[in-house]
Amino acid sequence: MAKQYWLMKSEPDVFSIDDLRREGSTCWEGVRNYQARNNMRDMKVGDEVIYYHSNAKPPGAVGIARVCKKAYPDHFALQKGHKYFDAKSDPDNPRWFMVDVEFVAEFDECVGLAELKSDPELADMELIRYGRLSVQAVKKSEFGRVKKMAGCKK
DNA sequence: GCCAACGTTGGC
DNA sequence: GCCAACGTTGGC
């Protein structure tokens, strides 16, 4: 199956693209939205991801990551007292999943949400039409467009 | 801090 | 199954 493209949001105060660069890779824990979870379960190793900073100044696309481990249960949901604990997640039938992503590139300049919104080629992008989902599918053409806007050669 | 646009929960 | 109340996301 062909490579797929995604967009994942993170608040830079929590885990920024710089954190990802420094650590190399990370597990994407804490997703507690079914649609976002379903998207993560559809990811394959090698899929590419637009790294997006939400609640940032300005919000926007800041780099590229790559899926390096396919979906597996988010064990934080089972740890009582943990911030991502969910009493309704059954250890025998985990409700929440996460993937691992690795650093690929950081854009020289953030492509801000305002810029993304004003680009006619991205008018259909899920981010523009419905902004709140933290893990979204992105079309190949949209992925390429965002990279081009960022001046990213990778 | 505000608030729009959702999603979730739970009573009925 | 409906819907009110509540919680969350995230731009501004």
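So you know, we letter chains A, B, ... as the sequences are listed, proteins then strands, and number each from 1. Since we're looking at a predicted model, the values are computed, not measured.
Looking at the side chain of A/Y130, the nearest of the listed nucleotides C/dC12, B/dT8, B/dG7 is B/dG7.
Summarising the geometry, the separation between CG on A/D86 and C1' on B/dT8 is reported as 12 Å, rounded to the nearest angstrom. As rounded to whole Å, 17 Å separates atom P of B/dG7 from atom NZ of A/K88. Nucleotide B/dC3 holds its P atom 17 Å from the CG atom of A/N55, rounded to whole Å. Regarding A/L133, its CG atom lies at a distance of 17 Å from the P atom of C/dT8, rounded to whole Å. The interatomic distance linking A/E11 (CD) with C/dT9 (P) rounds to 8 Å, in whole Å. Nucleotide B/dA5 holds its P atom 11 Å from the CZ atom of A/R132, rounded to whole Å. Distance CG (A/N33) to P (B/dT9): 12 Å, rounded to an integer number of Å. Atom pair A/R129:CZ and C/dG10:C1' shows a separation of 18 Å (rounding to whole Å applied).
At the phosphate of C/dT9, neither OP1 nor OP2 sits under 4.0 Å from any side-chain N or O atom of A/K9.
In this structure a side-chain-to-backbone donor-acceptor pair under 3.5 Å is missing from A/E29 to A/V99.
You won't find any donor-acceptor pair under 3.5 Å spanning the side chain of A/R32 and the base of C/dT8, going by distance alone.
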Take A/W28 and A/D100 through the test side-chain hydrogen bond (donor to acceptor under 3.5 Å, both in side chains) and record every step on the way to the result. CA-CA 6 Å; A/W28 207 268; A/D100 287 3; over 6 Å; no

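Side-chain contact, A/N39 with A/W6: no donor N or O sits under 3.5 Å from an acceptor N or O.
Counting heavy-atom neighbours within 6.0 Å of A/E109 CD, excluding the residue itself, gives a total of 12 or less.
Counting non-hydrogen atoms under 4.0 angstrom, A/K57 reaches nothing in the nucleic acid.
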